[in-house]
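No hydrogens, no waters, no symmetry mates; every other heavy atom, side chains included, goes into these values.
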Amino acid sequence: MRLLYYSLSLYLSLTSATPEPAAKTTTTPVSPCATRSPSSGAFFDLQPLHILPPAESKLKHPRLVSWNTTGYDYGYNFTLNFCGPVLEEIKGVVGVDKGLWQNVSAYYKTGDGEIFSIGNQNDRPVIRGRKLVLNYTGGSPCGPDVKDRRAALEYDEREIIDDGDKKMKKPDDKEDRPKKPESKAPTKRKSTIISMLCDRDPLAPTLSLSFVGTDPDHCAYFFEARSAAACGGIEVAKQTLSPSGVFGTIALVAIMVYVVGGCVYSRMVLNQRGWRQLPNYALWSGIGGFIRDVFVILTSSCARFLPSRRGYSRVNGGLNGSASGGRGRERGDSSDAENRLIDELNEEWDD
């Protein structure tokens with residue numbers, strides 16, 4: 001017990017002498033597909049829009065295809081996923097290495113079967129001003145020098161005024177067409193910008209995705225997504241301990257407080273020493289006898305349910321008749337002696 005108090009006093013002295021570390025200003029890391037507003041502190045989580053493969057999904061009825069939206073006048077429809085690659089197995093993506101095909105998060109397919117990537121996966125949405133934006137980059141090549149884009153920009157017909165006849169001519173000759181300057185700049189690649197808008201309508205679908213437009217070079221594609229997931233909320237901290245772990249921790253702390261506090265009180269106030277310093281020493285010391293008594297009671301009560309040796313007795317006779325008859329006579333003599341003793345005691349009691 002002295003070792004316990006020496007250890008406790010040493011621990012308290014060290015904890016009181018050690019200065020508390022300065023509070024760190026680092027923020028809690030945000031989980032993938034989520035972000036926190038630096039101005040308002042609102043938490044945005046786009047994880048409900050992330051479609052997992054059916055083998056990895058925990059939903060009862062998982063979604064089997066990615067999100068789709070119509071391109072309308074663009075001529076092609078788009079397939080997207082949020083914060084992850086699309087579920088569809090795509091091959092032969094134009095201008096993208098084969099090892100990156102599984103990372104495509106947005107693409108469109110032409111009538112000839114060509115697949116153009118408009119961005120690889122990105123699980124970090126950002127906040128620009130008051131807008132929540134998700135950006136995909138690293139898609140198929142694009143730009144004025146790329147021939148495999150959707151539609152090359154055609155030169156408009158222009159008027160050529162001759163000094164003599166002032167006729168209207170079309171630029172049929174190659175000399176009349178402006179020459180494109182040779183550019184050694186790196187190849188541009190298609191990218192996607194998705195603007196997330198909050199939709200709190202309880203009857204609205206999970207996501208309403210719309211194609212807004214693209215730039216003249218068909219390098220940047222703009223989409224608008226309305227969903228309740230884009231509404232800011234409060235970040236729910238993940239519980240590191242299970243309910244049983246929390247209960248066990250509370251019980252352990254309560255037991256420690258009970259034992260240490262009781263020992264200090266018994267030693268300082270009641271002047272107890274040795275094992276008697278433990279709180280409620282009399283109770284704990286007698287708990288062994290209590291358990292023993294309970295065991296005896298239970299075993300004795302259960303003994304009545306065990307099969308007994310009662311039954312028909314064998315008739316005295318045969319080879320063992322004399323022995324059994326002798327034992328019977330001994331029992332009869334003992335019972336007669338007991339009866340006589342009882343009668344004597346009764347007579348003495350009457351006197």
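Other residues, nucleotides and ligands contribute at most 12 non-hydrogen atoms within 6.0 Å of the CD1 atom of I234. For Y258, the OH atom is densely surrounded, since the number of other residues' heavy atoms within 6.0 Å is greater than 12.
In this structure, CD1 in I250 is found 12.0 Å from CD1 in I255, a value given to the nearest 0.5 Å. Residue R189 holds its CZ atom at 9.0 Å from SG of C142, rounded to the nearest 0.5 Å. One distance of note links CG of L197 with CD of E224; it measures 4.5 Å at 0.5 Å rounding. Note that the CZ atom of F82 and the NE2 atom of H50 stand 11.0 Å from one another [nearest 0.5 Å]. Here CG of N122 is found 7.0 Å from CG of N135. Values are rounded to the nearest 0.5 Å. Atom CD1 of I118 and atom OG1 of T214 lie 8.5 Å apart (nearest 0.5 Å).
Each of V86 and L52 belongs to its own hydrophobic cluster when Ile, Leu, Val, Met, Phe, Trp and Tyr are linked at side-chain heavy-atom distances under 4.5 angstrom. A continuous path of hydrophobic side-chain contacts links Y107 to V93 [ILVMFWY only; heavy atoms under 4.5 Å]. Criterion: ILVMFWY side-chain heavy atoms under 4.5 Å apart, direct or through other members. Under it, V94 and Y74 are part of a common hydrophobic cluster. One hydrophobic cluster holds both L87 and L207 under the rule that ILVMFWY side chains link at heavy-atom gaps under 4.5 Å. No single ILVMFWY cluster, assembled from side-chain heavy atoms under 4.5 Å apart, contains both I194 and V133.
Side-chain atoms of S140 come within 3.5 Å of backbone N or O of S117 as a donor-acceptor pair. Using modelled atom types, one side-chain atom of D45 and one backbone atom of Q47 make a donor-acceptor pair closer than 3.5 Å. Using a distance-only test at 3.5 Å, with no hydrogens or angles considered, no donor-acceptor pair links the side chain of D199 to the main chain of R226. A donor-acceptor pair under 3.5 Å is formed between the side chain of Y136 and the backbone N or O of C83. Between the side chain of W101 and the backbone N or O of I90 there is no donor-acceptor pair closer than 3.5 Å. Within the 3.5 Å criterion, the main-chain N or O of A220 finds a donor-acceptor partner in the side chain of D215. Here the side chain of W67 pairs no donor or acceptor atom with the backbone of I51 at under 3.5 angstrom. For S105 (side chain) and Q121 (main-chain N/O), a donor-acceptor pair under 3.5 Å exists by modelled atom type. Between the side chain of N68 and the main chain of S66, a donor-acceptor pair closer than 3.5 Å is present.
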**Asked** What do the steps show when you test F222 against S195 for side-chain contact (heavy atoms from CB on, under 4.5 Å), and what is the final call?
**Response** CA-CA 8 Å; F222 303 92; S195 177; over 6 Å; no
**Prompt:** Taking it one step at a time, do T206 and L49 satisfy side-chain contact (heavy atoms from CB on, under 4.5 Å)?
**Reply:** CA-CA 8 Å; T206 304; L49 303 180; 4.0 Å; yes
**Prompt:** Does the pair I115 and V104 meet the rule for a side-chain contact (heavy atoms from CB on, under 4.5 Å), with working shown?
**Reply:** CA-CA 11 Å; I115 297 177; V104 175; over 6 Å; no
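Of all heavy-atom pairs between G129 and I127, the closest is O-CG2, 3.5 Å. Closest approach of G232 and A42 over heavy atoms only: CA-CB, 4.1 Å. The two residues H218 and K190 make their nearest non-hydrogen contact at O-NZ, 2.8 Å.
For an aromatic pair to be called close, the ring centres must be under 6.0 Å apart, and F223 with F78 satisfies this.
Side-chain contact between P125 and M196: absent, with no pair of heavy atoms (C-beta onward) separated by less than 4.5 Å. Looking at heavy atoms from C-beta onward, N103 lies out of side-chain contact with P85 at the 4.5 angstrom threshold. For the pair T35/V126, no side-chain contact is recorded, criterion being any heavy-atom separation below 4.5 Å from C-beta on.
Note on ring orientation: taking the six-membered ring where Trp is involved, the planes of F211 and Y221 are tilted (angle from 30° to 60°).
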